[in-house]
Each structure stands twice: as structure tokens, then as C-alpha cells.
Amino acid sequence: MSEKYNPQAIEKKWQKVWDDEKAFHAENDYTKPKMYNLVEFPYPSGQGLHVGHPRPYTAMDIVSRKRRMQGYNVLFPMGWDAFGLPTENYAIKNHIHPKIVTHNNVRHFKQQLKSIGYSFDWDREINTSDPEYYHWTQWIFLKLFKAGLAYKTEMPINWCTGCKVGLANEEVVGGKCERCGSPVIRKMQSQWMLKITAYADKLIDGLDDVDYIERVKTQQKNWIGRSHGAEVDFQIKDHDERLTVYTTRPDTLFGVTYMVLSPEHPYIEQFKDEIKNYDEIAAYREEAAHKSDFERTELAKEKTGVCIDGLTAIDPVNGAEIPIWVSDYVLMSYGTGAIMAVPAHDERDWEFAKKFGLPIIEVIKGGNVQEAAFTDVATGTLVNSGFLTGKSVEEAKKEIIHYLEEKHLGRPKTNYKLRDWVFSRQRYWGEPIPIVKCPKCGYVPVPEDQLPLELPEVESYMPTDTGESPLAAMTDWVNTTCPCCGGPAKRETDTMPQWAGSSWYYIRYTDPHYDKGIASPEAMKYWLPVDWYNGGMEHTTLHLLYSRFWHRFLYDQGYVPCPEPYQKRTSHGMILGANGEKMSKSRGNVVNPDDIVREYGADTLRTYEMFIGAFDMAAPWKEEGVKGCRRFLDRVWKLQDIVVPGDSYSPALETQIHQTIRKVSNDYENMKYNTAIAALMSLQNEFTKAGKITRADYRVFLILLNPVAPHITEELWSIMNYGGRLYQTTWPEYDEEKTKEKEVEIAVQVNGKVRGKITVPADISKDDAIAAAKEAVSSRLTGTIVKEIYVPGRLVNIVQKNG
RNA sequence: GCAGAUGUGGCGGAAUUGGCAUACGCGCAUGAUUCAGGUUCAUGUCCAUAUUACUUGGGUGCGGGUUCAAGUCCCGCCAUCUGCACCA
């Protein structure tokens, strides 16, 4: 009789063996077939790992372990996205240097990850807050700057009127500061920006050449939001100036009944003296400044606005005089900050027109525009539209743009919803932006041989009263000389956002200690692109897009060998709390993986995380389910007591074993871990029921289970004396012929309802199958048979008509 | 509001992409083992209905439709979840 399964002892033992043997070291042997598997590196927060982290990590660990056994040189690295706001806030509160906080958190995370037995190559560990790492983050920024893709502009930020600091959106709760409760307003601040919009087309088109799950592609495309439309110029009455708007529907130009300016539109100041109700408009603008873009568009149901008294626009096609309004549903950040409103054919315009009693003119036939906006582009025909009347929407678009171009009243224009990337943070715990501000030379890059520009030690991590970074108080550090003219100058005190370090980390893993560049050309040529990158859906539009942007830029500059960083992208679902809600400290439903490892073992944790449900869907954590997985592993452990000699599979189970090898091999690659485990459970049930298992059966079973539960299988491998290490074994093959059943049970339906079942040879002919089926349900065949359907291996359906 | 997804037993979820709905696991019930509890093992478990039978009917969020056949395809609703650019 075997000893009791004791995961705590077994797991520690094998983790040490793997470490000592450098079992999962990615070799720099560039002649082998490679596979680069990547998971999103964690932000080492003070809370430690929660059970959401192991889901993607275990999934990719399974693929990595399997591929190693199939002969691949696998790179499966791990590191730390270590700069960030919560660490800084913790440091401010507790007066501890963020470096120390980060160090402690990383130590804790690493110990947790090690206890789960991941096959990471720890020799390639990186940390974005390490100067040796951010040296190259800063270097990339300088390249962007020199290419004209980094620039400074005035941007509104969230400003806490109490703390007098800039706040992250997340720190603003209901328009108030999360910490002190004071109102938050939008304040203009000079910010570094990266011109990601210059790469909008490349980022869309690049998606054609990569293997991303469809919803990631769709979401990125929608986020970039490319639309083809036109800019139209409206003359302002009695002035030389024209008001330019962007529209995707120039065909509806005859239906314009008013214009709307964003409250921040420069014309409001420019025409201040002409506007009779300027005070009212200024008050409205003040009010809008308290709302975020999100709130402004969300409050769509209660539209607000003020009509400008004193300015009128002229319709370029029919000369009609059109009133100009100001409303916050128009955003300065999209298009030109002004729109032409066509209430008959746009929902937001329609609601606004209804509320303020503005006219609604139908220009496309098909709906009842007094009841609702008619927005169907496909079927509509133009009416009330002068020379466009009678044309389809498509034709009218072309014609009107042609007309506007000819008269110099407009032009075709492609627009993007994507906005440039705000790259400045007025914070301490981030990469210093390596720029010097010289009164003579302007913004001057720090020479590359002076990188890394290290973060100086400061006394307080609190931003200054003026909203500048804490670095601004470090006069020794701030005051410097201009690298260009040698005169006195000041350093930039803003730091980079956390996204910076994570935008290129996958490059650094290929050669983490290289000191002449981001990584050696040989390492990049061999390892890049990442073959498979798995991460959360929540990173689709920000991190994933930002890193694709940086990579594409580096490619255009000749620094990386391929245009796209990630060949394949998949996404995991969230692990929710037992109550079906997102896990969070405030909801009190967080589960710590340490507790699961301690009570049930890492292999049970891994198995449950994979068995919990479809990998790409959210699933609630249930401790009862964990127990079921532990029971499964207990049964696997006990199989050792019923092993019988035998170099081949049990004849009775041979078909099922070959089927299981096929299913598990395919399911691991297709991220269907739950059904792979279900198939292994079924096989284990068969072994237990049979009361015996041959050495060959057990051997292949252990290999198949190994990627999911590496410790217990390695231990059993050793107990069974199969020789060597399981992790060094070759992945099993299956024989397609041997997966085929000799006999199959098929359903017999009469008029689509199952009325019986028959067992027939798998290769039975259609006629024989139908004949056998008819016999099985003969008592029910009372009418005239009108149709007979045979689906091989599935069913026979006999359709009859009575009477 | 915009964008992306999801909805199947008491619960987590399967279903080869139009072919026997509910695999696998949990829970529960009954029995065995045990002084007992736990563990372990065996059997059963979609709902209703009938039965000393292998009965009959219903059933994949709701309402329609296509088809010999629909969880799967089409049209229209409803509900829930995720993201929205300074959390990462």
C-alpha cells in the first residue's frame, strides 16, 4: 500500500530539483525550433497574488511544458511591472521609499509564483524599475522624440482642489477626490504626448497579419475608430472666418438645422465681443469643466446647451442661416470640436433638437423623423436635398464631397477616435523623462551615453502644490547644463506612465542583460516575434495597442526584425468571487492562492484553475470545486497500488487511450483545458473501475497530466521507476486508426423525435443503417414514409406523414 | 452613452460547429466501511408524469422564423458582465 498523497512535501522537493537542474532554462541555441510564450507580467502590489493570476500563468505553463516535451526550445519568462501609482501612494502614506516597498512586494510575489511550480526561466527575470532596464525605456523615448513622435501640449487633467495634485481617473470618485473628498476640476497642464495617431493606419492594417482572437481585433479596430467622412466649412455670417466641422454623413448636408460647438471651442473666445450672451456661455463652460468626457457623453439622455446669441452660420449648399449652439455632448478631443447637426438622421442631434424645439428636416426617406432619428444608411434615398434628391446615400456622399471640393468648401477626411497618448505623470515612481529644458535651445534630449537618467532620492513623494512632480523640489537634480549650448538649464521633472515599461518588456526577455541596446540583434532575430501572448481583455485597447505602436516604431527605425510583436494573442476570463462579483478587497471576496496551496497543494490549485470553466470566460471561484480536483489527484495517486506489468496499453482501453492522447494534445493547444481534464478524469475512472492499470497505461497517463499537475506526476514517475525525469520525456503520439470505434450507437428518430437506439458497425452502409433503424421502430411506422436521413455515426431520422 | 462579450439542471460547466441536450466535476439522496463524525467506495440524480415496464410530455433568458432536425442559423426584445484613454 502506498503512503498517503502529501503534496506539501512532494511539491517543495520537485521545485528544488527543477531549480537545481535548471530544468526550464531557455537555451541560446539558435539552431533549435523555438517557441516564445508570454504572459502579462504582474504589477507587484502589496496584496500579493490573488487566484486570478494563476489562471493565465497555468494555461501558458501547460503549453510550455508540453512543447518542451515535444522538442521545442521554449522561452517562458517572468518579470515585474514595478512602477506604479499604488506603490507610490503606499510610500507617501507610510514614508517608505517605493524602491523598498517594490523590493518587498517582488520578493513576496516571486515566492508565491515559485510555490505554484511554474516553469519560468528565472534567469531572465526583469524589473521595469531597475535602472538597467529603464535605461532602455528612456532610450526608446529619445528615439521617439528624435523622430518627432513626442511633443508637448496643454491637456486637461483631473485636479483636486483640496490636495492640489493631479489625480488619476481612478482616484476621482463621483467628481470628488478619493482621498480628501474635495471637488475635482479639469485643469490645463503642459504634458508630454506620444503621437500614436500617426500609426493609426499601421496599427489597423497590421492586424491582418497576426493571429489574434477576433474580439481583440474588433475591439482594437473600434478603439482606433477609423472613419471616412468629410470636413465641411460653414461661413460665419458677416465674418471672414469659417467654422469647420467633421462629419461622416456629408450626404445629409441639406438637413442641417443647427451647429454645435464644444464648450472649449476657440471661437467662443475669438468672437467674445460679438456674443451677446457671453456670460451665460462662460458659465456653461465652467460647468462642463467639472465633467469628464465620459460623463458628458453618458448624460446623453439629459442634453444641455446654450444658443449663442450673435453668431450665425451659413449652409454652404443652400445658403440657409443656421443657429450655433454650445453643448457638452460635443467633445473638443474628436474631429474639429464642432459639428453640423442633422436631427432627422442622428440620434443625439434628434434628442437635442426635441429638447430645445429645433426644426427637424427629413433628407433621407424611410422613417418617421418626427418620431425617431432615421439612421439606416443602406436603404435610404435622398429627399429635400436639391441636386442630391433621388440619389442613394452612397452616391450622394460621393457627389457632395466632389461638389464641396470644387467650391473649396470642404474636403474628404479620414478621422480616428484614437487620441494621442498622454505620456506625462506628475509623479515620483516612474522613469524620468530624459529631456532638458534650455531657455535658449528648447527641449533638448539627454545624450544617450548619459542614460540611464536615474531617479534621485527625494524626501517626500508627494507632488508639489503647483502640480509638478516631487522631482521638481530636487533643485540639485533639476538644475543642470544644456547638452546643446552648455548654458544653465532644467531637467524635465515629469515621469513616464506605467505603460512605458510594459510596452517593450517582451524584447528585453530575449536578452535581459545586454548592455549595448534593447537586446542583441541575434537574440531578437531568433526569439521574436512572441509566438503566443495571453493576457486579459482589459488590456486590449491600452497596453496591447501601446506596445504594438512602440514595436512598429522600432521596426520602422530598424531596431527590431519584425513589424508585429505578437504573432498570436489570446485572452482569459476573469476569476470572480464566490458571489459572482469581481474579486476586490472592498468586496471582501478575495481568495489568496497561498491558502489553497497550503491546504490542497499547488497541483490541486492548478487543476482547479484549469477545470473551472471555459478559459476565455469569467468563472466564479468555488471552494467545493477545489475539493473535487483534489479528490481526482488522490485517485491518480492511488492508481499506483493497482499497477500490473505490461509494456502495452490494456486491450479494453486501447481505443480510449489513443482518443485521450489526441484530445488532450489538441485541447492544450486550443486552450480547452477543462475538457482535457474531463477526459483524463474519465480515463482515471476507467482504470479505477477495471481495478488495474498496466505500467504502459500509467506511464502515458502521467505524461498527459504532467503539464497540469507537474509535481504529483513527477513524483509518481520517480516511484514507478520509469527512468530519468518526466519533464525530459517525449510527448506521446497517438495512432489515428486506433482512435476509431468498431461499433457505434446511433439514435433512431421518427419525425425528429428519438424513438430508439441501435448499435451498428462503424462502417455500416446507409441502406443497412436505415433498414436496421426501421426494424427498431417498426411499431411506430404507421404512415407514409416521405424522407429518410442518415448521418453516419450519429442518427437515422425517418420522416412519415400520417393519413 | 459608445465598444466588446455572455445567458444551458440545485451549482461550475460539456455539446466534434445544424444531428441523441446536460459529458466531467460539485452538491444532494440511498447503501457499504466506521463506535461516531470525516474520509473512502458503490448506486442514483434535468423537470413533470406514469410504473414492480424501456410510459408520456416539456425543456438551453423571452417572443417570432427557417429546417426532416436548432443550445447552435435569421429577425425582434430582456438581463448580466467587461473596457472607455492618469489603476494596471
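First the proteins, then the strands, lettered A, B, ... as listed; each starts at 1.
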Using a cut-off of strictly less than 4.0 Å, decide whether Asn797(A) has a side-chain nitrogen or oxygen near OP1 or OP2 of G19(B).
no

Minimum-distance nucleotide to [X] side chain [options: [options]]:
X         : options                : answer
Arg215(A) : G13(B), C24(B), G4(B)  : G4(B)
Leu85(A)  : U6(B), C87(B), C86(B)  : C87(B)
Ala747(A) : G12(B), A14(B), C20(B) : C20(B)
Asn222(A) : G13(B), C86(B), G4(B)  : G4(B)

Less than 6.0 Å separating the ring centroids of Tyr329(A) and Phe352(A)?
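Ring-ring flag for Tyr329(A)/Phe352(A): true, centres closer than 6.0 Å.
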
How about Phe83(A) and Tyr134(A): are their ring centres within less than 6.0 Å of each other?
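That pair passes the under 6.0 Å test.
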
For Asp346(A) and Arg348(A), indicate whether the former's side chain and the latter's backbone hold a donor-acceptor pair under 3.5 Å.
yes

Do Trp637(A) side-chain atoms and Glu3(A) backbone N/O form a donor-acceptor pair below 3.5 Å?
yes

Using a 4.0 Å heavy-atom cut-off, does His543(A) contact any base of the nucleic acid, only the sugar-phosphate backbone, or nothing at all?
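No contact.
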
Which part of the nucleic acid, if any, lies within contact of Leu167(A), taking any heavy atom under 4.0 Å across all strands shown: a base, the sugar-phosphate backbone alone, or nothing?
base

Would you call Asp634(A)-Arg630(A) a salt bridge at under 4.0 Å N-O?
yes

Exercise: identify the closest heavy-atom pair between Phe41(A) and Tyr57(A):
C-OH, 4.2 Å

Regarding Arg569(A) and the six-membered ring of Tyr533(A), is the cationic atom NZ or CZ under 6.0 Å from the ring centre and inside 45° of its axis?
yes

Rounding to the closest angstrom, what is the interatomic distance between G64(B) and U56(B) at atom C1'?
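These two C1' atoms come out 28 Å apart once rounded.
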
Check RNA chain B for consecutive Watson-Crick or G-U pairs with both distances under 3.5 Å and list the runs of at least three as stems.
B:1-7 with B:78-84, B:10-12 with B:24-26, B:27-32 with B:40-45, B:46-48 with B:56-58, B:61-65 with B:73-77

Measure the distance from CH2 on Trp421(A) to C1' on C86(B) and round it to the nearest whole Å.
12 Å

Give every pair of a protein N or O atom and an N or O atom of nucleotides 37-45 of chain B that lie under 3.5 Å apart, one pair per line with the distance.
unit_1, atom_1, unit_2, atom_2, d
C41(B), OP1, Arg635(A), NE, 3.1

Measuring from Lys774(A):NZ to Leu781(A):CG, what's the distance to the nearest 0.5 Å?
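Here the interatomic distance stands at 7.5 Å.
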
Please write out the pairs of protein N or O atoms and N or O atoms of nucleotides 81-83 of chain B separated by less than 3.5 Å, giving the distance to one decimal.
unit_1, atom_1, unit_2, atom_2, d
G83(B), OP1, Lys582(A), NZ, 2.9

